[in-house]
Asker: 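Below is one structure. I have some questions about it.
Nothing here was measured: the structure is a model prediction, and the numbers come from that model.
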2 protein chains.
Amino acid sequence: MTRDRFDRTRSAGYLANHMARLFAQRLHERIRPLGLAPAQFMTLLELWDEDGLTQRDLVDRLDVEQATMANTLARMERDGLIERRAHEADARAKTIHLTRRARDLRGPAEAAAREVNAMAMEGMEAAERERFVVAIGKAVEGLKVGAQTDR
Amino acid sequence: MTRDRFDRTRSAGYLANHMARLFAQRLHERIRPLGLAPAQFMTLLELWDEDGLTQRDLVDRLDVEQATMANTLARMERDGLIERRAHEADARAKTIHLTRRARDLRGPAEAAAREVNAMAMEGMEAAERERFVVAIGKAVEGLKVGAQTDR
DNA sequence: TAGCATTGCATAGCGCGCTATGCAAGTGGT
DNA sequence: ACCACTTGCATAGCGCGCTATGCAATGCTA
């Protein structure tokens, strides 16, 4: 018996990838004039809320690998968005602090992100948007559970 | 007046990025044993359906940049998944053909993808899953419309 | 307190998005 | 036939995911 052909246009995974690429493109073209890239914006969202976090804190909150965050922070430091200072109690760690420049970008950058979110959900009613966000959350949970736990 | 704080856990764009990373991770860990990476699998989905496409065809169907596809195809050729032959009518173009090895991977690779999709939608009812896929489609449309058209 | 495991971070290497370029081959208009 | 425009592809360079390593600082425990 022949299996159904795999239809990428109905595959949640394929669609999720496509959607995420488009989100990143629309966001990037709007925040590039500010000197920002998507992962930097994501990182700033945390730091705008709470300054002085460690790399470890950011890794935990944003769910990326430590090496990924290390590189993103290196680019942000290079671009004058953050400074790293010695941690008070732990000589291994460093605390991350925003520069004036980074602080000033909050308004325009968040506005850009809201704009992109609005574009994406333009064709949905309020209740539909709500369900959409909830559903993505469920998918995230389902996919997290399946992570390799054996390390 | 102070704007609402931007809450990433309720931002469609942030969630979309997170979900897509998780989808890619789960898929990759399942198809890595087959010698495949996610973008290669995506490309194979088209070629399993129709062999002998050109790079241009793949770019149009999968909505990635030409340069991205060129690199993905180079890796696939290096890994013995495809061969490129001279196009019959156009000396600039090449047609892409699957190797035996690539053809044989269809079953296990598609099974892996179905498995990951199932994980993601485990916590949803049938109707909810349907709405989810439809909603992602709407988001894709909304985000595509906003693409820079001025080139 | 000496020794070992854990933790925080950096770095190398690779997949895969993107933009920007460049070249050769095809096409259309005069 | 010629020239300009377009089209198909390759390449360089960069952002940002990932795994795998390595090192120094910390913590735990015998």
Side-chain angles (χ1 to χ4, degrees), chain A residues 16-32 35-43 53-60 62-79 81 84-96 147-148 150-151, chain B residues 16-32 35-43 53-60 62-79 81 84-96 147-148 150-151:
Chain A
N17 171 275
H18 193 183
M19 174 172 66
R21 282 189 285 122
L22 290 171
F23 261 117
Q25 287 170 31
R26 296 299 151 265
L27 178 64
H28 201 2
E29 62 200 25
R30 280 167 181 71
I31 61 179
R32 183 175 294 127
L36 293 181
Q40 298 178 9
F41 171 65
M42 176 174 86
T43 305
L53 296 172
T54 66
Q55 183 180 120
R56 179 82 234 150
D57 293 331
L58 289 168
V59 162
D60 291 339
L62 298 177
D63 197 26
V64 295
E65 288 302 315
Q66 172 267 322
T68 298
M69 184 52 67
N71 286 325
T72 294
L73 291 174
R75 283 186 290 271
M76 292 176 74
E77 187 167 33
R78 177 201 65 191
D79 297 345
L81 292 166
R84 298 193 232 199
R85 303 187 197 144
H87 187 102
E88 289 189 1
D90 189 337
R92 292 168 304 179
K94 296 171 191 172
T95 53
I96 317 285
Q148 309 294 28
D150 47 315
R151 294 199 183 163
Chain B
N17 170 275
H18 193 182
M19 174 172 67
R21 282 189 285 122
L22 290 171
F23 261 118
Q25 286 169 31
R26 295 301 151 264
L27 178 64
H28 200 174
E29 64 200 24
R30 281 167 180 72
I31 62 178
R32 184 176 294 126
L36 293 181
Q40 298 177 8
F41 171 65
M42 175 173 86
T43 305
L53 296 172
T54 65
Q55 184 180 119
R56 179 82 233 148
D57 293 331
L58 290 167
V59 162
D60 291 339
L62 297 176
D63 197 26
V64 296
E65 288 302 314
Q66 172 268 322
T68 299
M69 185 52 67
N71 285 326
T72 295
L73 290 174
R75 284 186 289 271
M76 292 175 74
E77 187 167 34
R78 178 202 64 192
D79 296 346
L81 293 166
R84 297 193 234 199
R85 303 187 197 144
H87 185 101
E88 289 188 2
D90 190 336
R92 291 168 306 179
K94 296 171 191 170
T95 53
I96 318 283
Q148 310 295 26
D150 49 312
R151 294 204 179 159

Asker: Just how far, in rounded Å, is P of C/dC16 from CG of B/Leu81?
Answerer: 11 Å

Asker: How does protein contact run along nucleotides 1-8 of chain C, one letter per nucleotide 5' to 3', with B for base contact, S for sugar-phosphate only, - for none, heavy atoms under 4.0 Å?
Answerer: ------BS

Asker: Go through the structure and list residues passing salt bridge (Lys or Arg N to Asp or Glu O under 4.0 Å) with B/Asp79, not counting sequence neighbours.
Answerer: none

Asker: Quick one: label A/Ala67 by what it contacts on the DNA or RNA (base, sugar-phosphate, nothing), any heavy atom closer than 4.0 Å.
Answerer: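 Since a base atom lies under 4.0 Å of A/Ala67, the category is base.
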
Asker: Choosing from D/dG15, D/dT26, C/dA10, which nucleotide comes nearest the side chain of A/Gln66?
Answerer: C/dA10

Asker: For DNA chain D, find the residues of residues 72-79 of chain A with a heavy-atom distance under 4.0 Å and give them by number; none if there aren't any.
Answerer: A/Arg75, A/Arg78

Asker: With sequence neighbours left out, what residues match B/Ala37 under side-chain contact (heavy atoms from CB on, under 4.5 Å)?
Answerer: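 side-chain contact (heavy atoms from CB on, under 4.5 Å) check on B/Ala37 returns B/His28, B/Gln40.
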
Asker: Please list, chain by chain and in numerical order, all residues satisfying side-chain contact (heavy atoms from CB on, under 4.5 Å) with B/Asp90, sequence neighbours excluded.
Answerer: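 With sequence neighbours excluded, B/Asp90 shows a side-chain contact (heavy atoms from CB on, under 4.5 Å) to B/His87, B/Arg92, B/Ala93, given in chain and number order.
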
Asker: Run the salt bridge (Lys or Arg N to Asp or Glu O under 4.0 Å) test against A/Arg85 and tell me which residues pass, sequence neighbours left out.
Answerer: A/Glu83

Asker: Under 4.0 Å between a side-chain N/O of A/Thr68 and OP1 or OP2 of D/dC18, yes or no?
Answerer: yes

Asker: Pair B/Arg75, B/Asn71 - check side chain to side chain donor-acceptor pair (under 3.5 Å), show working.
Answerer: CA-CA 6 Å; B/Arg75 284 186 289 271; B/Asn71 285 326; 5.5 Å; no

Asker: Does a side-chain N or O from B/Gln25 land closer than 4.0 Å to OP1 or OP2 of D/dC18, or not?
Answerer: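 For D/dC18, OP1 or OP2 has a side-chain N or O of B/Gln25 closer than 4.0 Å.
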
